[in-house]
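Computed from a predicted model, the values in this text were never measured in an experiment. Positions are given from 1 along the sequence. Any value given below was found using the heavy atoms of this structure, including those in side chains, with hydrogens, waters and symmetry copies removed.
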Amino acid sequence: MIAVGVASSAGLAVQSSITCEPMMTTHPSPGPEPWTPPHGAAELTGILSRLRGWRPFNVGALLDDVADALDDLPPTAMDMPDLLQRLHAHFGQLSTISIANKASEKEDDVARLLVRGESLRASPLPAEPAQAQGHIRQVGWVVNGLVERLVEAKYLKGIEAKTPKETEGTE
């Protein structure tokens with residue numbers, strides 16, 4: 001029995017040398033903090049509404065509408081409200097581009113045109129056709145001027161301004 005006891009002690013000694021080594025215990029990390037959305041439901045609804053109402057910037061339509069507003073042949077009385085609405089939409093897009101790029105802070109002409117455009121947008125279309133045509137022309141000049149300033153300042157791309165030499169050969 002003694003031999004068995006010694007064998008058991010020897011077996012225990014071997015086992016104890018294995019199990020007596022210090023064990024590395026790691027504590028579980030607390031984990032990432034729970035995610036919270038950056039916006040509330042009302043803000044997300046507003047963002048979704050603005051995205052649904054977004055229209056791509058259409059340079060061709062803008063230039064066509066400015067040409068219609070500034071043309072020698074005035075638009076008909078029936079076309080004036082629609083043309084004015086489109087010009088206001090173009091002005092709104094150009095205004096957003098100007099503000100996003102801080103063009104109004106850097107360019108005095110841009111700031112002046114934005115103020116003028118806002119005052120024109122706030123005033124209704126006059127009932128008398130000659131006054132309505134004058135109002136539409138003013139809005140057209142503001143939109144045209146804003147496009148020119150934003151192109152010159154390189155805030156708009158895709159609208160190439162031609163130099164006088166380039167236009168001489170195209171006539």
Side-chain angles (χ1 to χ4, degrees), residues 32-171:
E33 292 185 26
W35 180 79
T36 56
H39 303 289
E43 289 173 304
L44 289 173
T45 302
I47 291 169
L48 180 61
S49 166
R50 287 191 304 271
L51 284 173
R52 286 182 176 158
W54 177 80
R55 299 290 175 254
F57 185 66
N58 186 339
V59 175
L62 180 143
L63 295 176
D64 288 344
D65 290 338
V66 167
D68 288 345
L70 302 179
D71 194 8
D72 290 336
L73 184 64
T76 65
M78 290 186 64
D79 292 337
M80 284 186 189
D82 290 337
L83 177 58
L84 184 62
Q85 185 178 10
R86 290 192 310 271
L87 287 169
H88 284 172
H90 297 311
F91 173 78
Q93 287 183 318
L94 293 170
S95 176
T96 300
I97 292 167
S98 301
I99 292 167
N101 289 297
K102 299 183 180 177
S104 59
E105 296 172 13
K106 300 172 189 172
E107 309 288 332
D108 290 337
D109 288 344
V110 171
R112 183 182 51 78
L113 288 167
L114 289 175
V115 169
R116 179 70 179 133
E118 283 300 328
S119 71
L120 287 169
R121 188 164 39 175
S123 60
L125 183 66
E128 201 272 310
Q131 290 178 345
Q133 179 187 359
H135 181 79
I136 287 175
R137 283 183 176 273
Q138 289 178 16
V139 175
W141 280 114
V142 167
V143 170
N144 187 55
L146 202 50
V147 166
E148 286 177 355
R149 298 310 179 283
L150 293 174
V151 168
E152 287 172 10
K154 298 192 182 346
Y155 295 115
L156 278 179
K157 295 179 182 178
I159 304 174
E160 299 301 324
K162 291 187 177 185
T163 63
K165 281 188 176 182
E166 291 174 328
T167 55
E168 285 176 11
T170 59
E171 293 178 6

By the salt bridge (charged side-chain N to carboxylate O under 4.0 Å, His left out) test, which pairs, at least two apart or in different chains, include something from [range]?
range	answer
residues 142-153	Asp109-Arg149
residues 115-135	Glu118-Arg121
residues 67-82	none

As an exercise, state the distance from [atom1] of [X] to [atom2] of [Y], rounded to the nearest 0.5 Å.
X	Y	atom1	atom2	answer
Leu63	His90	CG	NE2	8.5 Å
Gln138	Leu120	CD	CG	5.5 Å
Leu84	Asp65	CG	CG	10.5 Å

Below 4.5 Å, heavy atoms only, C-beta onward: do [X] and [Y] meet side chain to side chain?
X	Y	result
Leu150	Asn101	no
Leu125	Ile136	yes
Val66	Leu87	yes
Val139	Phe91	no

- Task: Determine, stepwise, if the pair Leu94 / Leu156 fulfils side-chain contact (heavy atoms from CB on, under 4.5 Å).
- Result: CA-CA 9 Å; Leu94 293 170; Leu156 278 179; 3.9 Å; yes

Please report the closest heavy-atom contact between [X] and [Y], naming both atoms and the distance.
X	Y	answer
Ser98	Leu146	OG-CD1, 4.2 Å
Gly140	Ala69	CA-CB, 4.2 Å
Met80	Pro75	CE-O, 3.4 Å
Ser123	His135	OG-CE1, 3.1 Å
Val142	Leu113	CG1-O, 3.6 Å

- Lys102 atom NZ: more than 12 heavy-atom contacts under 6.0 Å: no

- Item | Ser49 side-chain N/O to Thr45 backbone N/O, donor-acceptor pair under 3.5 Å | no

- Item | Side-chain (Glu43) to main-chain (Gly40) donor-acceptor, under 3.5 angstrom | yes

